[in-house]
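Heads up, the thing below is written out as structure tokens.
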Amino acid sequence: MVLAPHLTRNYTLFSFFTLFAKTPPKTLRTHTHPPSRNPTTHHLSTSPSPPQPLPIQHGSSNKAMRRAYRDSPEGLLRHQLDMCSKRGDVVEAIRLYDDARSKGISLSQHHYNALLYLCSSSSSSASSGSSASSGSGGSGSNSDGKRGGVDLGLERGFEIFEQMGVDGIDPNEATFTSAARLAARMEDPERAFELVKKMGRCGIVPKLRSYGPALFGFCDKGEVDKAYEVDDHMGDSGVAPEEPELAALLRLSVGKGMGDKVYEILHRLRASVRQVSEETVDVVEDWFCCDASAKVGEENWDARKVEEGVVKGGGGWHGQGWLGKGKWNVSRTKMDENDVCCSCGEKLASIDINPLETENFASSLSNLACQREVKASFNDFQEWLRRHGPFDVVIDGANVGLVNSLHFSFFQLNSLVNKVREISPTKKLPLVILHTSRVNGGPAQNPKNKKLLETWRKSGALYVTPVGSNDDWMEEKQMKNDRSKDNGVPQLWLLRNLIAKFLSKFMEQSLWILLVCNSLARSPNTTALARETYCTASFGLGVRLSVSRAGLNLHMPPPYSIVIQESKGGSWHVPTVVGDDIEMPRQWLCAKRASSPHLSISTRKSRTLGGKSTR
């Protein structure tokens, strides 16, 4: 059975649906670099901090203990510093710090981290409206207001950092990251990088944010070797850069005319980012429009190696380097109904995932689920799946029942169950996944819904996730209101395990998989391998779900993968986030050599495709 004319293949078309409507939140980062200051050398003690006595007596209840700490000088200081962090008031925070030290109040790791965060994140436009001259530190604002929050934060930041070491307070990742940001604000990325290295010596695992100050600092200064040294250190630490970091390296490489590095970063963006932002595509466009891009490339390349690279990579890229020489024709374009670029006339490819990557993907997700979930529950699910599977269709019931609604709708869920069953090749009921709270309370108590649930259960088409199995390790924020009853909906560890197992099974059988999802594999908690492999698997398979007055609508995917593509002839197509292919066409950047007519590998063999430069 064929679900869409453009997905017709010579082998069986097998559909695999995962339906839900939730999009994980995105994290935005900004980086500012105020005028340079000369920091003093600091020495941080990494010896264990001495135990601090609790301001309560033995035998007190937990509630009394919390109340006693909250009313203690240390607790009051913590609350006041937290309020300063909320307001961004670095001047008042430092006044409180000076006052606490003069009174002999013990400062904890949290106190120091709050202070360092404020010192490192205060902006040049900040104006606290308060004066630190009343404090005892003597380095607050002058009466003429010349020294504002920014200067004070920069001046006192490393002093506070060093005092933390003198006091014997153990630093953590947040401590070092704030200190690195301080160094970056002083335009000293070298020191920021040294702080990241020191984290490792202290047994602290750096995060992506820990590398930002050094990486962006070196990129801003144009220090190529240092920037890529940070990039290498990230790789050694198992930290995967995301689009902002890769875009910074790309911008640096474009500015230096480093063709090899530009090629490398483009492929790293292809592997880890689906569609690039407007800012990133502008940098890519700058490369193809510059003189350096016209000079790099192989005019007499090995067609056999290019073909082998395409096959090995699953299509859509070859990784053999720039092909051809000469200026590029660059334009913003879209794909027509025949999957052809409206600018250059090339047809885009659908990228496959190989069985080895699929198996690694499945293993990675299973290990991650066992670490984050109750292992017995996850194993029970795997055993249940072996007994009742395979399924053509998998539905995340909670999100389907809540699409475009504040209240769970079994009618909406059942409508979709019937709809996807009709288009399923086997006409088998789909697997419906619901949390136990959905089948034992609320609308589930309605007689009609009880009968529906019992029908699904007897057919082996309903899996109820137990209490305690949730996905808050997959999402940064819980859904609110009615959705919070699911203890973290949807059960993504179940869905991802299903995806992994079905991908592995069907890839071995050379069957085509159609994956219906609005968003997956964007959690910061998944491993880099899992994110990369899942994105690769879903490039040309994604079917999205929306709601209209007519009911639920399934939006079929295009027959090509929405990912950066490198053709056999050396041209490039870069998808952007502009457009969604539903309400408006997606915008692509097309770059092709001006003097390079497209010839197939079979007819060209080893002849030069690039021709003479038009420069």
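- Checking H573, R586, M335 one by one against I562, the side-chain contact (heavy atoms from CB on, under 4.5 Å) holds for a single residue, R586.
- In this view, T280 and E243, S277 satisfy the side chain to side chain donor-acceptor pair (under 3.5 Å) rule, not counting sequence neighbours.
- Under the 3.5 Å distance criterion, the side-chain polar atoms of N414 are left unmatched by any main-chain donor or acceptor of F410.
- The environment of N338 atom CG is dense: over 12 non-hydrogen atoms of other residues, nucleotides or ligands sit within 6.0 angstrom.
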* Any chance you could lay out the side chain to side chain contact (heavy atoms under 4.5 Å, CB included) test for E307 and K568, step after step, and finish with the verdict? => CA-CA 7 Å; E307 182 68 28; K568 299 176 183 178; 3.2 Å; yes
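- Residues satisfying the side chain to side chain donor-acceptor pair (under 3.5 Å) test with Q320, not counting sequence neighbours, are none.
- Take H318 and apply the ring-ring contact (aromatic ring centres under 6.0 Å, His included) test, not counting sequence neighbours, and it matches no residue.
- Figure legend: cation-pi geometry between K261 and Y228, with NZ or CZ positioned under 6.0 Å from the six-membered ring centre and within 45° of its axis.
- Here the shortest heavy-atom pairing between V224 and K256 reads CG2-CG, 3.5 Å.
- Of the possible polar contacts, one joining the R593 side chain to the G324 backbone as a donor-acceptor pair under 3.5 Å is found.
- Dense packing is recorded around NZ of K428, with more than 12 heavy atoms of other residues, nucleotides or ligands lying under 6.0 Å away.
- Judged by distance alone, with hydrogens and angles left aside, the side-chain atoms of E299 form no donor-acceptor pair with the main-chain N or O of K325 at under 3.5 Å.
- From L249, atom CG reaches atom CD1 of I265 across 5.0 Å, with rounding to the nearest 0.5 Å.
- Taking each heavy atom of T333 and S343 in turn, the nearest pair found is OG1-N, 3.4 Å.
- Nearest heavy atom pair, residue F408 against residue G397, reads CE1-O, 3.4 Å.
- With contacts defined as side-chain heavy-atom distances shorter than 4.5 Å, the pair E278/Q587 qualifies.
- What you find for V230 and A214 is that their closest heavy atoms are CG2-CB, 4.2 Å.
- In this structure, the side chains of V239 and K207 stay at 4.5 Å or more apart for every pair of heavy atoms.
- Contact of the E298 side chain with the N300 side chain is registered, since non-hydrogen atoms from C-beta on lie closer than 4.5 Å.
- Between the side chains of Y263 and E566, at least one donor-acceptor pair of N or O atoms lies under 3.5 Å.
- Between M584 and G579, the shortest heavy-atom contact is CG-CA, 3.6 Å.
- Here the side chain of S567 pairs a donor or acceptor atom with the backbone of G569 at under 3.5 angstrom.
- Between the S253 side chain and the V262 main chain, no donor and acceptor come within less than 3.5 Å of each other.
- The side-chain heavy atoms of Y211 and S237, taken from C-beta on, include a pair separated by under 4.5 Å.
- One finds the CG atom of L215 at 6.5 Å from the CD atom of E245 (value rounded to the nearest 0.5 Å).
- Looking at Q275 and T576, their side chains never come closer than 4.5 Å, going by heavy atoms from C-beta outward.
- Atom CZ of F288 is separated from atom NZ of K327 by 15.5 Å, given to the nearest 0.5 angstrom.
- Of the possible donor and acceptor atoms, none in the side chain of R270 sits under 3.5 Å from a partner among the backbone N and O of I564.
- Residues L589 and V276 have side chains not in contact (no heavy-atom distance under 4.5 Å, counting atoms from C-beta outward).
- Here the side chains of W301 and V306 are in contact, with some heavy-atom distance below 4.5 Å.
- For D260, the CG atom counts as loosely surrounded, since its 6.0 Å shell holds 12 or fewer non-hydrogen atoms of other residues, nucleotides or ligands.
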* Pair W588-V574, side chain to side chain contact (heavy atoms under 4.5 Å, CB included): steps then yes or no -> CA-CA 5 Å; W588 290 71; V574 182; 5.8 Å; no
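- Taken to the nearest 0.5 Å, the CG atom of L250 stands 10.5 Å off from the CZ atom of R268.
- Salt bridge K312/E308: absent, no basic N to carboxylate O contact under 4.0 Å.
- Although no hydrogens or angles enter the test, the distance criterion places a donor-acceptor pair under 3.5 Å between the side chain of W328 and the main chain of S293.
- In this structure, the separation between CG on N329 and OG on S331 is 7.5 Å, given to the nearest 0.5 Å.
- We find that E285 and R332 are joined by a salt bridge, their nearest charged nitrogen and carboxylate oxygen being less than 4.0 Å apart.
- Scanning all heavy atoms of the two residues, the minimum distance from P559 to S350 falls at O-CB, 3.2 Å.
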* I would like to know whether K221 and K226 meet side chain to side chain contact (heavy atoms under 4.5 Å, CB included); could you show each step before the answer? => CA-CA 10 Å; K221 284 178 171 287; K226 287 291 185 180; over 6 Å; no
* side chain to side chain contact (heavy atoms under 4.5 Å, CB included) between V284 and V254, worked out -> CA-CA 8 Å; V284 177; V254 169; over 6 Å; no
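- Ring centroids of W287 and W572 are separated by 6.0 Å or more, keeping the two rings apart.
- Counting heavy atoms from C-beta on, the side chains of D339 and P558 never come closer than 4.5 Å.
- Side-chain atoms of S571 and E346 form a donor-acceptor pair, as typed in the model, at a separation below 3.5 Å.
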